[in-house]
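On a predicted model such as this, the values are computed, not experimentally measured, just so you know. Count residues from 1 along the sequence.
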Amino acid sequence: MKTKTSIINQPDGSIAKCVLMIEPVSFGYNRQTAVNNFFQKEPDISPENIQRDALEEFQAMTAQLRANRIEVIVIKDTLHPHKPDSIFPNNWVSFHEGGLVVIYPMFATNRRLERRIEILDIIETHGKIINNVNNISIWEEEKRFLEGTGSLVLDRKNGIAYASLSGRTDQSAVEQYCRIYNYEPILFTARHTVNGKRKNVYHTNVMMCVADKFAVIGLSSIDDPAEQTTVTEYLIRSGKEIIEISEEQMHYFAGNMLQLQNDSGKHFLVMSQSAHDSLTASQIDKLKSFNELIICSIPTIEQIGGGSVRCMMAEIF
């Protein structure tokens with residue numbers, strides 16, 4: 001008789017117990033990012049209704065995380081200046097062990113307004129220690145963009161940074177980042193079909209998620225066989241079981257997931273309802289064998305913003 005794999009919950013320093021989330025006040029369609037984010041859908045409803053629906057989805061998601069005893073620091077956005085994508089903070093900031101904070105160079109000029117340094121002061125009032133802030137946004141002057149943990153999918157435990165090159169993820173920026181922070185860069189180009197043409201996937205974290213013992217990845221989006229082999233080998237070598245998703249599932253944000261743990265070390269995988277609904281029963285069973293699932297319904301945020309649950313959370317270590 002086949003026995004069910006049990007979920008062993010042990011605290012893991014490479015899995016966050018706390019996330020930063022930015023409550024939207026004027027969420028909407030961003031034309032500046034739509035030039036290379038083909039997951040965005042131009043809306044046919046009013047800006048007021050978009051903001052109302054996005055706020056409801058945001059509040060329901062934070063409630064789900066907190067119900068599972070995951071710490072969520074919510075900071076409200078400001079109305080002025082207008083920042084339609086502020087709900088996705090993981091692109092401008094990342095937090096690391098030892099109190100390190102990194103501030104990133106952003107592709108869209110209106111997204112650079114999201115970098116509110118006072119947010120770091122608020123985080124410190126929640127008992128989080130910030131010892132060093134490294135602002136690499138100056139790379140924007142050289143048009144070298146690197147949009148945080150959207151561009152970089154970090155295997156923190158094994159010191160590996162997976163990066164799919166695009167207009168938002170510059171190769172030299174990835175390599176310099178990895179030299180500074182002691183990561184090994186694994187570079188490749190992921191593409192998807194848009195109106196019959198192969199276009200670069202705008203962020204690495206929409207096509208792959210690396211967790212403690214597994215990785216969810218759209219391998220078929222990596223057109224170059226050698227690059228696909230390299231990524232596969234690194235995932236296997238670092239002890240990850242590969243759960244492959246199709247390009248269609250990627251378009252439902254099945255790659256945009258994040259593993260978290262609560263205050264007792266219980267592991268969860270956060271995903272959207274659309275991602276969950278796109279998965280097969282066997283894929284779901286496999287994911288459940290590693291951790292419990294938290295499934296959040298955020299259709300407005302996904303369709304208008306072109307990002308999903310992982311983009312909404314900046315892990316705090």
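- Among residues two or more places apart in sequence or in another chain, the side-chain contact (heavy atoms from CB on, under 4.5 Å) test is passed with P105 by I136, W139, E140, L146.
- Screening I22, L55, I301, V25 for a side-chain contact (heavy atoms from CB on, under 4.5 Å) involving I87 leaves a single residue, I301.
- Linking Ile, Leu, Val, Met, Phe, Trp and Tyr residues whenever their side-chain heavy atoms come within less than 4.5 Å places M257 and V231 in a single cluster.
- Residues Q259 and K213 form no side-chain contact, since every pair of their non-hydrogen atoms from C-beta on lies 4.5 Å or further apart.
- Under the 4.0 Å criterion applied to side-chain N and carboxylate O atoms, K128 and E71 are assigned as salt-bridge partners.
- For S151 (side chain) and G148 (main-chain N/O), no donor-acceptor pair under 3.5 Å exists by modelled atom type.
- Heavy atoms from other residues, nucleotides or ligands lying under 6.0 Å from CD of E244 number more than 12.
- Within the model, atoms OH of Y183 and CG of N158 stand 10.5 Å from one another, a figure rounded to the nearest 0.5 Å.
- Side-chain contact between T189 and D223: absent, with no pair of heavy atoms (C-beta onward) separated by less than 4.5 Å.
- With hydrogens and angles disregarded, a donor-acceptor distance shorter than 3.5 Å links the side chain of Q249 to the backbone of S246.
- Nearest heavy-atom pair, S164 versus T204, reported as atom, atom and distance to 0.1 Å: N-OG1, 2.8 Å.
- Between V216 and the options I245, V210, I242, L279, a side-chain contact (heavy atoms from CB on, under 4.5 Å) holds for only I245.
- When side chains are defined from C-beta on, S264 counts as touching R69, because their heavy atoms get closer than 4.5 Å.
- The residues K157 and D212 are annotated as not salt-bridged, no charged nitrogen and carboxylate oxygen being separated by less than 4.0 angstrom.
- Crowding of N182 atom CG: a count of heavy atoms from other residues, nucleotides or ligands under 6.0 Å not exceeding 12.
- F88 and I119 fall into different hydrophobic clusters, where Ile, Leu, Val, Met, Phe, Trp and Tyr side chains are chained together by heavy-atom contacts under 4.5 Å.
- Under the 4.0 Å criterion applied to side-chain N and carboxylate O atoms, E57 and R52 are not assigned as salt-bridge partners.
- In this structure a side-chain-to-backbone donor-acceptor pair under 3.5 Å is present from S166 to Y202.
- Rounded to the nearest 0.5 Å, atoms CE (M61) and CZ (F58) are 8.0 Å apart.
- By the criterion of side-chain heavy atoms lying less than 4.5 angstrom apart, applied directly or through intervening Ile, Leu, Val, Met, Phe, Trp or Tyr residues, V74 is not grouped with L120; the two fall into different hydrophobic clusters.
- One distance of note links OH of Y181 with CZ of R156; it measures 12.0 Å at 0.5 Å rounding.
- In this model, no donor atom of one side chain and acceptor atom of the other lie less than 3.5 Å apart for R111 and T33.
- Rounding to the nearest 0.5 angstrom, the gap separating the CG atom in N256 from the CD1 atom in I298 is 8.0 Å.
- Residue I103 holds its CD1 atom at 6.0 Å from CG of N135, rounded to the nearest 0.5 Å.
- Ionic pairing of E315 and K17 is not present here: no N-O contact between side-chain nitrogen and carboxylate oxygen is shorter than 4.0 angstrom.
- Contact record, W92 with R116: CH2-O, 3.8 Å, taken as the closest heavy-atom pair.
- Rounding to the nearest 0.5 angstrom, the gap separating the CG atom in N205 from the CG atom in N91 is 7.0 Å.
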- Query: What do the steps show when you test K41 against E302 for salt bridge (Lys or Arg N to Asp or Glu O under 4.0 Å), and what is the final call?
  - Reply: CA-CA 9 Å; K41 304 291 188 294; E302 287 181 323; over 6 Å; no

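- If you chain together hydrophobic residues whose side chains sit under 4.5 Å apart, L235 and I160 fall into the same group.
- E147 and T169 form no side-chain donor-acceptor contact under 3.5 Å, judged by distance and modelled atom types alone.
- In this structure, F317 has its ring center at least 6.0 angstrom away from the ring center of F95.
- T230 and E227 share no donor-acceptor pair across their side chains, judged by distance under 3.5 Å alone.
- Remark: side-chain polar atoms of K199 are not paired, donor with acceptor, to backbone N or O of N36 under 3.5 angstrom.
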- Message: As a quick check of understanding, evaluate side chain to side chain contact (heavy atoms under 4.5 Å, CB included) for I15 and H267, giving each step before the final call.
- Response: CA-CA 9 Å; I15 304 174; H267 293 182; 3.6 Å; yes

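- Of the possible donor and acceptor atoms, none in the side chain of S272 sits under 3.5 Å from a partner among the backbone N and O of S308.
- Contact of the Y104 side chain with the S94 side chain is registered, since non-hydrogen atoms from C-beta on lie closer than 4.5 Å.
- For the residue pair S137 and R112, no side-chain donor N or O sits within less than 3.5 Å of a side-chain acceptor on the partner.
- Heavy-atom minimum distance, G305 versus N37: O-ND2, 3.5 Å.
- With hydrogens and angles ignored, the 3.5 Å screen pairs a side-chain donor or acceptor of N262 with a backbone N or O of N68.
- Side chains of D224 and Q228: no donor on one and acceptor on the other come within 3.5 Å.
- In this structure, F39 and F253 have side chains that are in contact, with non-hydrogen atoms separated by less than 4.5 Å.
- The shortest heavy-atom contact between G167 and F107 is O-CD1, 3.7 Å.
- Residues Y177 and L152 have side chains in contact (heavy-atom distance under 4.5 Å, counting atoms from C-beta outward).
- Contact check for L269 versus E292: no side-chain heavy atoms found under the 4.5 Å cut-off.
- Y162 places no side-chain N or O within donor-acceptor distance of the main-chain N or O of F188, the cut-off being under 3.5 Å.
- Side chain to side chain, Q176 and R144 meet the donor-acceptor criterion of an N or O pair below 3.5 Å.
- Atom CD1 of I138 sits in a sparse spot, with 12 or fewer heavy atoms from other residues, nucleotides or ligands closer than 6.0 Å.
- Side-chain atoms of T193 do not come within 3.5 Å of backbone N or O of R198 as any donor-acceptor pair.
- Between the side chains of S221 and R191, no donor N or O sits under 3.5 Å from an acceptor N or O.
- Using a 4.5 Å heavy-atom threshold, the side chains of L165 and L187 count as touching.
- In terms of modelled atom types and a separation under 3.5 Å, the side chain of N291 and the main chain of L287 share a donor-acceptor contact.
- Closest approach of K83 to L113, counting heavy atoms only: CD-O, 3.3 Å.
- I284 and H276 get closest at one heavy-atom pair: CD1-NE2, 3.6 Å.
- Within a 6.0 Å radius of CD in E141, no more than 12 heavy atoms belonging to other residues, nucleotides or ligands are found.
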- Message: Quick one, V102 with V93, criterion side chain to side chain contact (heavy atoms under 4.5 Å, CB included). Give me CA distance, side-chain angles, the key distance, then yes/no.
- Response: CA-CA 6 Å; V102 183; V93 65; over 6 Å; no

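- In this structure, R310 contributes its side chain and M313 its backbone to a donor-acceptor pair below 3.5 Å.
- By the 4.0 Å N-to-carboxylate-O rule, E241 lies close enough to K286 to be salt-bridged with it.
- Residues H82 and S26 have side chains that bring a donor and an acceptor to within less than 3.5 angstrom of each other.
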- Task: Apply side chain to side chain contact (heavy atoms under 4.5 Å, CB included) to T62 and M21, showing your working.
- Result: CA-CA 8 Å; T62 57; M21 298 181 67; 3.7 Å; yes

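- Transitive grouping of hydrophobic side chains (ILVMFWY, heavy atoms separated by less than 4.5 Å) keeps F145 and V206 in distinct clusters.
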